[in-house]
Amino acid sequence: MKHRFVQDDPSRVSTVKHDVQLIERKLAVAEYQTLRAAVGWPEVADEAVARGLAGDLFSVAAELDGHTIGCARVVGDGGIYLYVQDVIVLPPHQGRGIGKCLMDRVIAFVDSVSGHHTTVALMAAKGVVPFYEKYGFVTRPADGPGMYRLWS
Ligand SMILES: CC(C)(COP(=O)(O)OP(=O)(O)OC[C@H]1O[C@@H](n2cnc3c(N)ncnc32)[C@H](O)[C@@H]1OP(=O)(O)O)[C@@H](O)C(=O)NCCC(=O)NCCS
């Protein structure tokens, strides 16, 4: 199985809807923080973000006129457990198919590294379950829920 981990590679640029380019590349700390803040997610320290972004398995940015307007990432161990994270489209650009294009790239990456019984998980934000259901994700049953803790 060929692993396709993140590298900055101009050949992985494509223009999708409305002149938006999708570029498979690492995100800079500042652009990640800007995207996160724009959708109202709580602040994470720059140092933690830098460590986190360095550990991506896959990352894709959506750019319009040189500005980053969206992103998606995959983290995990690269074979057994993969987690889809940070699927973000800036609010003025939502509802135009950009999130779908980002997820299509995520799924292509996941396909390239996953085998039988690889677990691909995510935590859906409020109201976003139907978006992920389009990609075959299902909600865990109430008697086997996902759990998390936010460190403070
Ligand atoms: C969720 C998000 C990434 C979707 O991006 P988007 O560019 O607005 O989505 P798209 O326009 O590509 O929509 C793709 C499809 O999903 C549907 N969809 C998008 N957001 C949805 C939502 N919140 N609820 C239900 N369906 C949704 C669209 O109707 C569309 O359906 P279609 O293909 O049948 O027409 C974007 O709304 C966002 O950044 N939200 C804030 C951050 C967030 O919560 N991210 C998810 C983290 S778990």
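FYI, the numbering just counts along the sequence from 1. Order of appearance sets the numbers: ligands from 1, and atoms from 1 within every ligand.
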| said: Thr139 vs Val129, test: side-chain contact (heavy atoms from CB on, under 4.5 Å). Steps then yes/no. | reply: CA-CA 8 Å; Thr139 304; Val129 165; 4.1 Å; yes
Any side-chain to backbone donor/acceptor pair from [X] onto [Y]? Under 3.5 Å, distance only.
X     : Y     : answer
Arg36 : Pro42 : yes
Ser59 : Arg73 : no
Gln21 : Glu63 : no

| field | Leu82 and Thr119: CA distance, side-chain angles, deciding distance, side-chain contact (heavy atoms from CB on, under 4.5 Å) verdict | value | CA-CA 6 Å; Leu82 305 178; Thr119 298; over 6 Å; no
| field | Neighbouring residues of ligand 1, heavy-atom cut-off under 4.0 Å | value |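 Close residues (ligand 1, cut-off 4.0 Å): Val39, Trp41, Val87, Ile88, Val89, Gln94, Gly95, Arg96, Gly97, Ile98, Gly99, Lys100, Met123, Ala124, Ala125, Gly127, Val128, Pro130, Phe131, Tyr132, Lys134.
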| task | Inspect the surroundings of OH in Tyr81 and state if more than 12 heavy atoms from other residues, nucleotides or ligands are less than 6.0 Å away. | result | no
